[in-house]
Every structure is written in structure tokens, then in C-alpha cells.
Number of protein chains: 2
Amino acid sequence: MTRADVAAAAGTSVAVVSYVVNNGPRPVSAATRTRVLEAIELTGYRPDVVARALAGGFTHTFGLLVPDVSNRFFAELAHQVEEHVYASGHLILLADSADDPVRERELMNALMERRVDGIMLASVDADPDLSGAIAGGTPVVLLDRIAPSALTSSVVPDNIGGARAATEHLIEHGRRRIGFIAGPAALPTSQDRAAGWESALAAAGLERGPLVEAPFSRAGGLEAGRRLLTGPDRPDAMFASNDQQAVGLLRAAHDLGVRVPQDLGVITFDGSQDAAFAIPSLSSVVQPLAEIAEHAVRLLLARPHVTARVTTGHTLALRASCGCPDGPTAP
Amino acid sequence: MTRADVAAAAGTSVAVVSYVVNNGPRPVSAATRTRVLEAIELTGYRPDVVARALAGGFTHTFGLLVPDVSNRFFAELAHQVEEHVYASGHLILLADSADDPVRERELMNALMERRVDGIMLASVDADPDLSGAIAGGTPVVLLDRIAPSALTSSVVPDNIGGARAATEHLIEHGRRRIGFIAGPAALPTSQDRAAGWESALAAAGLERGPLVEAPFSRAGGLEAGRRLLTGPDRPDAMFASNDQQAVGLLRAAHDLGVRVPQDLGVITFDGSQDAAFAIPSLSSVVQPLAEIAEHAVRLLLARPHVTARVTTGHTLALRASCGCPDGPTAP
DNA sequence: TTGAAAGCGATACCAG
DNA sequence: CTGGTATCGCTTTCAA
């Protein structure tokens, strides 16, 4: 079942089959077209993706490169991306850099070698090296990093605004000593979320509570929580940079007998299902995953190629951890 | 930088370059070999993966088809698989069937069209249709399903043994009315875990506690928990079919004021990080993810192609939810 | 041991 | 509007 078979069955040439399949680049008469279509139906012909890629076409495959698929935020993102590309017949080549910049670089190459039609990159790096992709002509959408040049797209959340909203909410609850679990200091994401936290505090005339830096992981949050909650002058609320850290923090509080939300209000950023199902359920700034996925896919799918920087909004999911009532259904 | 350039630089033919790169199928004299190697170094030549695949070789890409990447068990599995294939220069084409058998079928085809070197399939189906893959000659490793024929491999946990061990542990704690949250009844996985639970109960001369069927999700566990915990004759312990269900159950208990482990002992199957970080931390039958990934990858990598049915062991991680003491570090 | 050349399956140019 | 055919980069058979 190659197009040679189809051509034979349709009594035409392989070129015409190609024109029909691709709707171009040459026109085909209606009569021949239907004849070819029938032949395709008859033979059950499916174009060979690999051969097509070799000849310069598309692979109908996108790359998704994340620091850690087992981070629920990225897992849910991957799920959403799948959902969005599925309709257009694309598949996802998933790469996991395991938080390693070197590996990220290598995987970018591996992705390009496989001729993916585009790459969605959630980089471990503050500003990843995109020169290879640009040179190779592979469209890239940066996730959670602002594109360094107009050559590549990005879709980022409003980190500052979200962090500010979260902190403000804690303040409204009457919390006065509000700490922050930051992510790795070098990342813009970390800096922006810190900035939002600070600005809310400043606007309310409050001192900055303790800031501790930790990896974006449960273990990081656990460690940070232990330090924070056993130290002198314990905060009465914490804003965590992501859900994983918050889950770790919750565990630290639990182990130390610190009650959430009575003794410690907690709010977090990301809003994955981990937040909804934590005990107590975690209030959080929710990133619109479906929207992020949709934008990223749309930018990659667009012909001719376009680039854009889109900023996504956020909502606040208020649950038990900050002191808000928890509805009957957790999520 | 094609092998023509390398051939030119080495003063040899393209065929020889191929022989050197692939270590065959024809021998090459030591002298020429080093000359070619130098030329490769010099030109920075990288073989074109796509062309190589077209010419009949391999794509150095495996397919991983799961029901839901955002299920932490599969996310962690994906992570492990990545880890294991990385060294051999492979990448993972990730497909998410969203629990839909039809979609699963389509994705299998999509994977095969892309000429993946092998497929790891965690099917939604009790016995998935592998005829296409077998006909196409694509090696498949079934995860969590026993291979229906000797033509395909499988790696499965000891569902019965694991479930029995979990239930026995609950019994040792003095629990007497032990319920079970089952998965979808049609799946062998569900049936086996139920069988293990029953056999432990029978061996101890205990009556079967309530059994309720629920999807393998948090929402499923939540719903099941609500039903179980508000009904008459509430169980004093529950065994959940997977971590997601257990997390939902924990939430139901929390909402209803049922204390875990005092009023209700809980133990689960899978042992993802969700279990380690739940509050209270969940005791569970731990599946050796790294081992599963390793076996699956090894079976796919093996040349010549081999098939096998491997059963993986399990360990019990005893934590707070069953009444065991929780160490200072949760995980 | 080496090289020339025939595919692999599809694209798209150039004639007709 | 159609049909040859060169091309993509590599593998591998067949001869030398």
C-alpha cells in the first residue's frame, strides 16, 4: 500500500495521487480526484509519515519538553496538549529533561533531528538557548518564559499578578506575617512570584515574612516548611511557589502539629489537582491549563507560521487552607 | 553535512561511511575506519534519523500509550521510561487514550505509522486488539495485562499477591470489617486485586466487607468513600485499588469527620508519591516502577527480538493510614 | 575490503 | 490538468 498501488488502482500517476492527498500544489480535475479518492479508500492506503518527512513535509508530531513529567502540573499540561493536538492528527514526542540544562539541550536536538513540526518548551533555564531551533527553522513555543526575541512565541501566566492576588487574599484573612517559599532564584518565574508577594505586602504596609528558597518539589517544600515552622518568629501564613512545594509544606505542618489553616494559612500557585485534593484542600492561583495548551498548539499549528507572546489569566480557587470554607466537593 | 560530505572528506565512498557508522554489515579495515571517524569528527556529521528510518532502519523512538498521563502512576512510569531509554538515545512518543478504547486503537495506528521501534501499552481494555501491531511487526510490551499470545511480551505486577499482603496487614492491625474499592469490574487488574483481598479475608475467617466499584480516579474514590462511610455498618478499614482512589477516599473521610487511621484504616495499591505525601500518609503496596520500566525497555531493545512474560514483585510501604507509625520523613 | 547503484515512500519541478 | 523524474539521506546488495 504505497501511493504506487493507489496510482495503479486509480489508473493515474503517483504525482497525481500526491496532489490529491495534499490538496496541491497542482490542481486536479474533479473526476480524477474522486477516482483517486476511491482508490485510496479501496486500498486502505495511509501515507507514510517517515517518507513524507524525508521528502520535506511534516511529521505531524510536536515535541513537548518539560523538566519533569511526574510533576503533576506538567503531567496535566501534557494531558491537555494531547487533547488539543489529537483532533488535528498530531502526536506528542515527550521529552523529560530531569531538571538538567545539558540534557535539555540534547533533547532539543533529538527532537529536531526527528523533524518535529514544532516544540513546546518548558525550560529549566532562565533563558534557554534557542539558536539551534531558530537556525533549523523549527517553531518553538516557550512555556512560562518570555520569548527572548520576536522569532519565537511564548505563553506565560501573569506570575506577578497571580502572586499578588494570592498574597492579598491572605492579608484579607487577617494574616500579618506572611512568608514565601520561592523557587530557584535564577528563574524569572521565581522572581516574578516573589515580586508579586512583595508588592502585595508593601501595599498593605506589612513587613516581608520569611523567604526561603527551595526546589519546585514536594521534598523542597517539606524541607522549607520544617525550617520555617521550627524557627523563631513563625509566620502565620505562607505562599508557596507551586503546588508541589505546598504539598510538602502541608506535610511539614502536619508532622509538627501546626494546624492549617488555624495556625498557618497556606495558598499556592498552579492549581493542579494536587491542590484540590490535598488535606486540607489548598487554596491556589489556578493556571488555565486548557487555555495554555490551546494557545501553544494554535501557535504551532498556524500556517503561515506566526509568533506571539501571550499572557494567560488566572483565577483564585479558594479552599480550606487559607481559612475559606471548603465546599462539599473538594475539586 | 550528509554522509556524502564525510565520504569526500575521508576520501572514500558513502557505503563505507555507512559501514563504519553502523558497525556493519560489511567489515572495514582499521585504517579506513579511523579515517572515516576523523572525517565525522571534523565535519560534525550527525546521521539523519528520518532518512535512516525510511531506508528500513529504526526510528530510535518508542511509543508509550497510557490511559491518562495525569494519573501520577503513569506520569511516574513515563518519567522512569524516559530515564531508561535516554541512555540508548531513544525518545518517547507519548499517547494518551483518555480511557477511550476507540482512541486507543487509533493511537496504536498512529504510533505504528510513525514507525516506532516498539510500543509499551497500558491498555484501557481487558484484552486489547494487538493484531495490527503483530501484523505490522511492531514489538509490543503490555503493561499490567498478561499477553494473550506468545507473540507479545508483558510485564505485570503480582496483583493478587500484593492485594493479599495489603489486606493481611490490615487484619494484623486488628481490623475486622475490611472493605474494598474495586476498579472497573471488566479489568483483570480489578478482578485480581479483588481476589487477593478475598483470599486474605477467607484465610483469616473474616467476612467480606463492602465492595464498591469505582473508576481509577480521585473522584471515583471520593464518591465511593462517601457511599461507604455514610452507609450502615461502616467498615473499619478499606483497601483501595489504586492511589488515586485512596486519595479520594481520604478526602471523603476528612469531610465526614472519620479519622484515619483511628476510625478507618486505609491501604492502597501502586505506591506513587501521592501515597507518600497524602495526609495522613498512605500505606501501600508499592509497584517497582523503575523495574517495570527497565523490563519493558529491555524487552523492546533486545535484538534479536524476544518476548517474555515478566511478573514484578512488590513491597509494602507502611505509613500512617493503616495505623503504623509514620517516620519523620514522609516518603 | 571497497564502491556503484538500487531502493525506501513521498514531494514537487518541468515538460507535455 | 497530468505524467515522468530528480531528490531527500541512508542502507544494503551485488560486483569488483
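The model shown is predicted, which means the values in this text are computed figures rather than measured ones. Residue numbering restarts at 1 for every chain, and letters A, B, ... go by the order of the sequence lines.
Rounded to a whole Å, the CZ atom of B/Phe58 is 17 Å from the P atom of D/dC10. Put simply, CZ on A/Arg26 is 10 Å from P on C/dA12, counting in whole angstrom units. Between the CG atom of B/Asp5 and the P atom of D/dC10 there is a distance of 9 Å, rounded to whole Å. Between the CZ atom of A/Arg33 and the C1' atom of D/dC1 there is a distance of 12 Å, rounded to whole Å.
Among C/dG3, D/dT11, C/dA12, the nucleotide with an atom closest to any side-chain atom of B/Ser18 is D/dT11.
The aromatic rings of A/Phe62 and A/His90 lie parallel to each other, their planes meeting at an angle below 30°, with 60° marking the opposite boundary.
Distances shown here put every side-chain N or O of B/Asn22 at or beyond 4.0 Å from the OP1 or OP2 atom of D/dC10. Side-chain nitrogen and oxygen atoms of B/Ser29 include at least one within less than 4.0 Å of the OP1 or OP2 phosphate oxygen of C/dT2. Using a 4.0 Å cut-off, some side-chain N or O of A/Thr12 falls inside it from OP1 or OP2 of D/dG3.
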Check the interface with nucleotides 4-9 of chain D: list each N/O to N/O pair with the protein under 3.5 Å, or write none.
unit_1: D/dG9; atom_1: N2; unit_2: B/Ala51; atom_2: O; d: 3.3

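Exactly one residue among A/Leu289, A/Asp144, A/Asp68 makes a side-chain contact (heavy atoms from CB on, under 4.5 Å) with A/Phe73. That residue is A/Leu289.
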task = Mind running side chain to side chain contact (heavy atoms under 4.5 Å, CB included) on A/Arg298 and A/His295 for me, showing each step along the way?
result = CA-CA 5 Å; A/Arg298 190 175 43 70; A/His295 276 121; 2.7 Å; yes
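Residue pairs meeting the side-chain hydrogen bond (donor to acceptor under 3.5 Å, both in side chains) criterion with at least one partner in residues 10-21 of chain A, sequence neighbours excluded, are absent.
Under 3.5 Å, the side chains of B/Ser123 and B/Glu104 contain a donor-acceptor pair of N or O atoms.
Taking OG1 from A/Thr61 and CD from B/Glu113, the interatomic distance works out to 10.0 Å, rounded to the nearest 0.5 Å.
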